[in-house]
Structures are given as structure tokens and as C-alpha cells.
Amino acid sequence: MIIKGDDMLKKLNQAQKEAVLYTEGPLLVIAGAGSGKTKVLTTKIAYLLQQAKAQPNEILAITFTNKAAKEMQERVQDLVNEKALQMQISTFHAFGVRIFKENYLEMGYGKNFTILDANDSLTLIRKILKELNIDPKMYSPKAIRNAISSCKNNLITAEEYQKFVTNPFEETVQKVYQKYQTKIKTSNSVDFDDLLFEPIKLFQNQPQILKKYQQLFKYILVDEYQDTNEAQYLLIKKLSAYYKNICVVGDESQAIYGFRGANYKNILNFEKDFPNSKVVILEKNYRSTKNILNTANKIIKNNLNRKEKNLWTDNDKGEEVVVNCLPNERYEANYIVDKIEQLQKEAVNLNEIAILYRTNAQSRAIEEAILQKGYPYRIVGSIYFYNRKEIKDLIAYLKLIYNQHDNLALLRVINEPKRGIGQKTIQEIETKAIQKKTSLFYAIDEGKTLVFKNLIIELQKIANDVNLTELIEQILSKTNLRQSLKIENSAMAEIKIENLEEFKTITKEFEEKYGIISLEDFLAEISLVSDVTEYGEETPQITLMTIHAAKGLEFQHVFLVGMEEGLMPHNNSLAEPEELEEERRLCYVAITRAKQQLYILYTQNRTIFGHQKPTIVSRFIDEMALKAKKITTKVKSANNIDHKATYQVGEKVISQKYGPGIIVEISDKVLTIAFKHEIKKFIKGHKSIQKL
């Protein structure tokens with residue numbers, strides 16, 4: 001049963017109502033942050049049905065994530081009940097699957113086509129490189145996969161790509177792309193990018209099929225239009241050409257995915273693409289205080305490529321936006337946990353606290369401060385610093401250098417990065433080790449594995465002569481961990497390199513704290529912070545995430561950290577005005593995540609990749625016209641530890657989280673405790689552990 005139209009419209013402000021009521025012709029809705037864009041989209045769908053403008057199957061609503069599509073489906077269903085189930089409310093790629101299922105013969109596929117995931121594609125590319133006698137160390141399979149994906153998103157076939165070839169890498173991509181497409185077509189498979197690429201080719205080659213879909217979908221609605229790439233843009237443009245009842249909703253000021261191929265100019269050019277279109281601007285914000293919105297408006301007005309708008313709200317003026325300068329990242333982290341402690345005393349739910357940063361490497365100091373305080377936390381859109389694959393690989397090298405009997409460490413890195421050591425070779429080593437009753441390392445005596453063994457022996461000798469930070473540099477260099485990622489040449493590889501370099505900051509801090517520290521002590525220390533418990537969703541937790549991952553979310557209290565030139569805006573953006581504008585949009589997104597209180601932090605010095613350097617305050621803080629407060633006094637440490645506490649093996653203790661347990665091992669600073677279901681490590685004297 002559809003609810004009454006008047007009841008739907010009463011819940012909308014004037015601009016929202018205007019967008020819902022406009023039903024004939026192209027409509028551009030510029031929806032500022034927190035302005036209720038999802039409410040507009042879902043109410044518009046309900047209104048079209050209530051007014052009998054279209055049947056459910058004649059409405060196509062597209063968004064970018066499964067989560068967003070599910071939320072839209074549920075909200076429409078609340079308004080129109082079961083009729084929402086008859087609509088195509090989905091992601092772009094889910095819509096592409098529908099086109100495939102309905103037209104597989106015309107597209108040259110069998111009925112039971114399969115969709116390759118990213119790993120499947122990578123495996124196939126590696127196989128093709130082997131067939132072509134191309135060294136994967138010279139041309140990274142991931143880099144080739146990324147290049148092929150980019151081609152498809154820009155609607156470039158393997159044949160067409162040939163005219164773009166200007167260097168050996170591109171020549172390799174062209175050869176692999178050609179064979180790749182032949183193989184997946186032969187195996188009746190498609191990859192993720194084909195789900196848009198192939199339907200667009202179908203529409204271009206068979207206009208009668210395009211016309212069928214054009215006449216089917218009387219109304220097309222697109223969410224987050226500023227994030228569309230070339231393929232998505234062209235698909236929507238073709239589908240809406242018949243009725244021209246196209247409604248796109250988005251905000252160019254929140255366009256932050258240029259690195260993925262999104263083109264924010266699609267939303268700026270909407271009025272050119274669809275003449276006589278109506279434009280509605282949603283400026284009323286329901287999320288943030290006046291002070292937060294004023295800060296957001298001040299910074300985004302510095303972008304030239306934007307639609308003019310000014311966010312406003314009926315909410316209270318709220319607390320002043322706090323801008324603080326700390327001496328270094330340790331002060332920054334401790335400042336945050338002290339503020340969180342204050343918020344806890346005010347009964348603020350940890351779920352309402354978020355810490356946002358530009359790069360994943362920034363999370364490490366903050367994670368450690370939160371761990372020492374004992375607060376639960378989650379990392380969204382990423383994983384814990386010490387649990388990241390590249391960091392675990394690096395630590396495995398350290399463990400193997402320290403202890404050649406560590407079979408787990410050896411198995412992790414013997415072919416990382418790739419050295420041509422396969423599973424069969426490893427099985428042969430395992431057999432020898434059993435026969436000789438020794439570790440895998442000492443069973444190695446020939447071939448490529450012997451080269452690896454000699455590398456570890458060389459690094460072991462180096463470890464005796466250099467400090468930890470220098471040892472890390474030697475490992476990154478001599479093992480090719482860093483070089484293999486450089487060859488990969490992708491945005492993700494760049495992030496991994498940053499994380500590996502950030503590890504040198506950790507070793508440098510240990511050296512400054514303890515003086516000369518042995519590899520043994522260092523490995524014992526980091527085991528404490530790397531052994532992180534992941535809390536369930538039902539547990540209130542502080543949220544840590546990059547700003548990119550924060551888009552679409554909101555929190556009562558937000559800490560925006562590392563507001564320095566080189567971090568925000570990022571070094572990679574400083575040379576190009578277009579990229580600098582995207583960094584400014586990223587900052588705008590971060591600010592508008594905050595509902596009640598916003599803390600903006602930067603440091604005078606920051607240790608990056610093992611080297612402490614003076615920083616320059618971000619130009620964005622100047623643009624906000626906010627006065628910074630310099631904090632030079634020592635921030636209260638989050639480390640609540642009784643250094644005088646003594647323990648014995650076999651002693652019974654109780655943990656606030658894990659219950660009763662028994663101490664099974666004691667090292668210099670670490671207790672290993674066996675609880676009922678698991679074994680955990682704690683710093684001696686930690687406040688959460690008490691003797692029974």
C-alpha cells in the first residue's frame with residue numbers, strides 16, 4: 001500500500017520538494033553534504049509510483065555500492081511496500097549483470113557465463129606472461145591488470161589500444177590484453193569491467209536492443225553522479241536518450257575518486273549534455289553545527305571548478321572548531337586519547353568518535369596510543385597497521401634473520417616477493433627437513449632456495465653491524481620488497497611502500513626511547529601491539545579511517561589529523577591545480593563528517609619513513625581562517641602501567657576482558673597469559689591485568 005503523497009511531501013524542505021515534484025525532463029540535484037539526498041531519491045521514486053507516472057519495472061535507480069543500493073531499496077520499500085522489490089535498484093555492475101543475462105547470445109556468450117574476480121584475472125595474466133616468455137619481475141602482472149581495467153573503463157578495446165602504445169610496457173599490455181580477452185571469451189567468462197564495457201558495445205552495435213531498454217525505463221535516477229567514470233557516464237547517457245527523464249544527484253565538492261577514474265566534470269557538464277534541464281540545489285544541512293559548516297564553506301569556495309552553493313543549517317552554532325599544533329605525532333596521538341578520555345567521562349559513545357587521516361601510514365602512532373589506553377577500535381576501509389600484508393612480510397624477514405628455525409616466517413617470505421620458488425620445491429625442502437630432523441632453513445642446499453638462504457645469512461651478518469632502522473632499509477633493498485611494489489606501479493602499491501617506509505619510524509622511535517635495542521627485544525615489543533583483538537560490531541569502538549573511506553559517514557566527534565603540507569594536501573597533488581582541488585574536496589569531505597565537534601590537528605615535526613622533519617602547516621588551515629593553538633606541554637600519557645609490578649610463571653591473574661588466566665611465560669617487559677580460549681600478551685603492570 002502506497003502512503004499518501006501529501007504525507008511524503010510534508011517531510012521535505014522546499015528544495016527537496018521541488019526536486020521530487022519535477023518529473024518530466026532532465027533534473028540535476030546538487031546535494032550538499034548532509035542535505036538529505038537519499039531521502040529525495042527514495043521519495044521521488046515513491047512519488048512517481050503514487051502518481052502512476054511509471055510502473056515499478058519502468059524505474060531504474062543506480063548507485064555505487066551494494067550497501068547504498070540496499071539502503072535505498074529498504075527505504076523505498078518502507079514507502080511503497082512490496083513494489084520496491086520489482087524495481088531495478090542496484091549498483092552499475094549489478095545492472096550490467098542483468099543486461100548480460102538477458103542478452104548473452106547477442107553478446108557472443110553462453111548462458112552459464114562466469115564472472116572472474118580480481119584474483120582470477122591476475123592468475124590468468126600471470127599465465128599469459130609465462131606463455132609470452134615475459135618476465136613478471138620486469139612487467140608486474142598487477143600493473144598490467146590495472147592498465148587493462150583502465151582501458152575497459154575508458155571503452156578502449158585491445159585492438160584500439162595499439163594506437164596508444166608508446167613504450168615497451170604499453171606494448172606488453174597490448175599483447176597481454178589481446179590474449180586475455182581471447183581466453184576469457186573462450187572460457188565463457190567476463191571480468192568485472194566487462195559488466196559495463198560489453199553492454200555498451202552491445203548498445204552501440206545493436207541499436208534495436210538499446211531502444212528496447214530506452215523505452216522500458218521511463219525514469220532513470222543516478223546517485224553520486226560526480227563519481228561516474230567514462231563507461232558509467234556513457235551507459236546512462238544512452239539509456240536516458242529516449243524519454244530524457246533522467247535525474248542525477250551528487251555534489252562536485254565531494255568528488256574524491258579521480259584516482260579511480262571518476263570524472264567529476266560529468267556532473268558539471270550535465271546541463272550541456274541535457275539541454276533544458278532543471279537544477280535544484282540542496283543547501284540545508286541536517287548533520288552539522290553552524291561552526292562546522294562555516295569552516296567547510298570557507299575552504300571549498302577556494303575551488304574554481306564547482307557549482308556555487310553555501311551550506312546552512314537550523315542546528316545550533318555549536319562548539320568552536322578546534323585547531324591545535326602539537327610538537328610531533330606522539331603528542332598528536334596522546335592528545336587524541338586524552339580527549340577521548342574526557343568524552344568518555346561525558347558518556348559519549350565510542351561509536352560516535354572518528355579519527356580521519358590522509359594516508360594509512362598515519363594510523364600507526366594513533367593505534368598504539370589507543371591500545372595502551374585499552375580502548376576498542378576498528379579500522380574501516382583498511383586493516384590494522386601490523387596486520388597489513390606488507391608489514392607482516394617485513395616482520396617475518398626480521399624473525400627469520402633473528403631465528404632461522406622459524407619455519408612459519410620462512411614459508412611466508414621464501415617466495416615473497418616472487419622468486420620462482422613453487423609449492424613443489426617447498427614440499428621437497430619439507431621432506432628433506434623431516435629426513436634430516438632440522439628446520440626448513442637448514443634443509444636448503446640448492447637452486448633458487450639456496451640464493452634465498454644466502455640472502456638471509458647476509459642480512460643476519462648485516463644485523464650484527466647496523467642499528468634497526470638501517471637493517472630495515474637493507475631488508476627493503478636486498479629482498480626487493482620495495483622494488484617489486486614500485487614495478488607494480490599502482491595506487492595500492494604506493495600505499496604499501498609508504499607503510500613499509502613508515503616501519504622505519506617505528507624502529508627509530510624504539511632506538512630513541514631505549515637507546516641501542518636488540519632485534520630480540522624489538523620483536524618482543526612489537527608483538528604486543530601487533531597482537532590486536534578485533535572487536536565485534538556490537539562493541540562500541542573508536543573508528544579510524546582514511547578520509548576516502550569516510551565518505552557517506554557521520555560522527556558526533558571527529559579528529560582530522562596530519563593537516564600539513566605534503567600530507568593534506570598530499571605531495572602527489574602539489575604540481576597539478578586539478579589534483580590540488582581534489583585534495584581540497586577531500587578536506588571538505590572530512591570536515592562535513594562531523595556533527596557536533598571537529599578537532600583539526602597538525603604537528604611541528606613528524607617522523608616519516610624513519611626521519612623526523614619539520615613540517616609546514618597545511619594551506620587549508622589558512623583557508624579556514626581559524627586560529628591555531630600551540631600545545632607544547634607534555635600531554636598526559638595513555639600508558640597506564642605499574643612499572644613496579646612483579647609476576648611469576650604459573651601465577652593466576654584476571655583480565656577485565658578475557659577473565660581468569662595463568663601466566664605461562666615472562667620476558668623482560670611482556671607477560672604471556674593463557675586464558676580459557678586463547679593466549680594473549682600484555683605489557684607488565686598493565687592496568688587491565690590484576691593478580692588473583
If you measure from the Lys or Arg side-chain nitrogens to the Asp or Glu carboxylate oxygens, is any gap between [X] and [Y] under 4.0 Å?
{"X": "Glu473", "Y": "Arg482", "answer": "yes"}
{"X": "Asp135", "Y": "Lys130", "answer": "no"}
{"X": "Glu511", "Y": "Lys504", "answer": "no"}
{"X": "Glu498", "Y": "Arg358", "answer": "no"}
{"X": "Glu329", "Y": "Arg364", "answer": "no"}
{"X": "Lys152", "Y": "Asp191", "answer": "yes"}
{"X": "Lys436", "Y": "Asp445", "answer": "yes"}

Side chain to side chain, [X] and [Y], heavy atoms closer than 4.5 Å:
{"X": "Tyr177", "Y": "Ile144", "result": "no"}
{"X": "Tyr375", "Y": "Gln541", "result": "no"}
{"X": "Leu356", "Y": "Val561", "result": "no"}
{"X": "Glu564", "Y": "Leu567", "result": "yes"}
{"X": "Asp193", "Y": "Asn153", "result": "yes"}
{"X": "Val649", "Y": "Ile662", "result": "no"}
{"X": "Thr546", "Y": "Thr359", "result": "no"}
{"X": "Thr507", "Y": "Leu471", "result": "no"}

For the pair [X] (side chain) and [Y] (backbone), establish whether a donor and an acceptor sit closer than 3.5 Å, ignoring hydrogens and angles.
{"X": "Ser573", "Y": "Pro569", "result": "no"}
{"X": "Asn407", "Y": "Leu440", "result": "yes"}
{"X": "Asp406", "Y": "Ala409", "result": "yes"}
{"X": "Thr425", "Y": "Ile421", "result": "no"}
{"X": "Thr186", "Y": "Thr182", "result": "yes"}
{"X": "Thr449", "Y": "Ile444", "result": "no"}
{"X": "Asn415", "Y": "Arg419", "result": "yes"}

Apply side chain to side chain contact (heavy atoms under 4.5 Å, CB included) to the pair Val653 and Ile673, showing each step before the final yes or no.
CA-CA 8 Å; Val653 295; Ile673 303 173; 3.8 Å; yes

Give the table of side-chain donor-acceptor pairs shorter than 3.5 Å for residues 455-467, with sequence neighbours excluded, one pair per line with atom names and distance.
from	atom 1	to	atom 2	distance (Å)
Glu458	OE2	Lys478	NZ	3.2
Gln460	NE2	Gln404	OE1	3.2
Asn464	ND2	Gln460	O	3.4
Asn467	OD1	Thr469	N	3.3
Asn467	OD1	Glu470	N	2.8

Could you work out, with side-chain hydrogen bond (donor to acceptor under 3.5 Å, both in side chains) as the rule, every residue matching Glu488, not counting sequence neighbours?
Ser490

Mind listing the closest non-hydrogen atom pair of [X] and [Y] along with its distance?
{"X": "Ala365", "Y": "Ala333", "value": "O-CB, 3.6 Å"}
{"X": "Val413", "Y": "Ala396", "value": "CG1-CB, 3.6 Å"}
{"X": "Ala443", "Y": "Thr438", "value": "N-CG2, 4.1 Å"}
{"X": "Phe559", "Y": "Ile336", "value": "CD2-CG1, 3.9 Å"}
{"X": "Gly258", "Y": "Glu582", "value": "N-OE2, 2.9 Å"}
{"X": "Ile379", "Y": "Ser363", "value": "CD1-OG, 4.4 Å"}

For [X], does the [atom1] atom have more than 12 heavy-atom neighbours from other residues, nucleotides or ligands under 6.0 Å away?
{"X": "Gln427", "atom1": "CD", "result": "yes"}
{"X": "Lys448", "atom1": "NZ", "result": "no"}
{"X": "Gln690", "atom1": "CD", "result": "no"}
{"X": "Lys432", "atom1": "NZ", "result": "yes"}

Do [X] and [Y] have side-chain atoms, one donor and one acceptor, less than 3.5 Å apart?
{"X": "Arg378", "Y": "Thr543", "answer": "yes"}
{"X": "Tyr402", "Y": "Ser518", "answer": "no"}
{"X": "Asn499", "Y": "Glu390", "answer": "yes"}
{"X": "Gln174", "Y": "Gln178", "answer": "yes"}

Any chance you could measure [X], atom [atom1], to [Y], atom [atom2], to the nearest 0.5 Å?
{"X": "Lys142", "Y": "Ser484", "atom1": "NZ", "atom2": "OG", "answer": "9.0 Å"}
{"X": "Leu500", "Y": "Arg388", "atom1": "CG", "atom2": "CZ", "answer": "11.0 Å"}
{"X": "Glu416", "Y": "Leu411", "atom1": "CD", "atom2": "CG", "answer": "13.0 Å"}
{"X": "Ile366", "Y": "Tyr335", "atom1": "CD1", "atom2": "OH", "answer": "13.0 Å"}
{"X": "Ile125", "Y": "Ser140", "atom1": "CD1", "atom2": "OG", "answer": "9.5 Å"}

Stepwise, does the side chain to side chain contact (heavy atoms under 4.5 Å, CB included) test hold for Tyr357 with Ile547?
CA-CA 6 Å; Tyr357 37 80; Ile547 304 169; over 6 Å; no

Ring-plane angle category for Phe503 and Phe522, please: parallel below 30°, perpendicular beyond 60°, tilted otherwise.
perpendicular

Check the angle between the aromatic planes of Tyr139 and Phe169 and answer parallel, tilted or perpendicular using the 30° and 60° thresholds.
tilted

Give the C-alpha distance, both sets of side-chain angles, the deciding distance and a yes or no for salt bridge (charged side-chain N to carboxylate O under 4.0 Å, His left out) between Lys373 and Glu368.
CA-CA 9 Å; Lys373 190 66 179 176; Glu368 290 186 4; over 6 Å; no

Side chain to side chain contact (heavy atoms under 4.5 Å, CB included) between Lys399 and Arg412: does it pass, once the steps are laid out?
CA-CA 11 Å; Lys399 287 181 176 179; Arg412 183 176 185 93; over 6 Å; no

Output all residues satisfying ring-ring contact (aromatic ring centres under 6.0 Å, His included) with His570, sequence neighbours left out; order by chain, then residue number.
none

Assess whether side chain to side chain contact (heavy atoms under 4.5 Å, CB included) is satisfied between Leu544 and Glu367, documenting all intermediate values.
CA-CA 8 Å; Leu544 281 71; Glu367 285 184 64; 3.9 Å; yes

is_close_aromatic(Phe441, His405), centroid dist under 6.0 Å
no

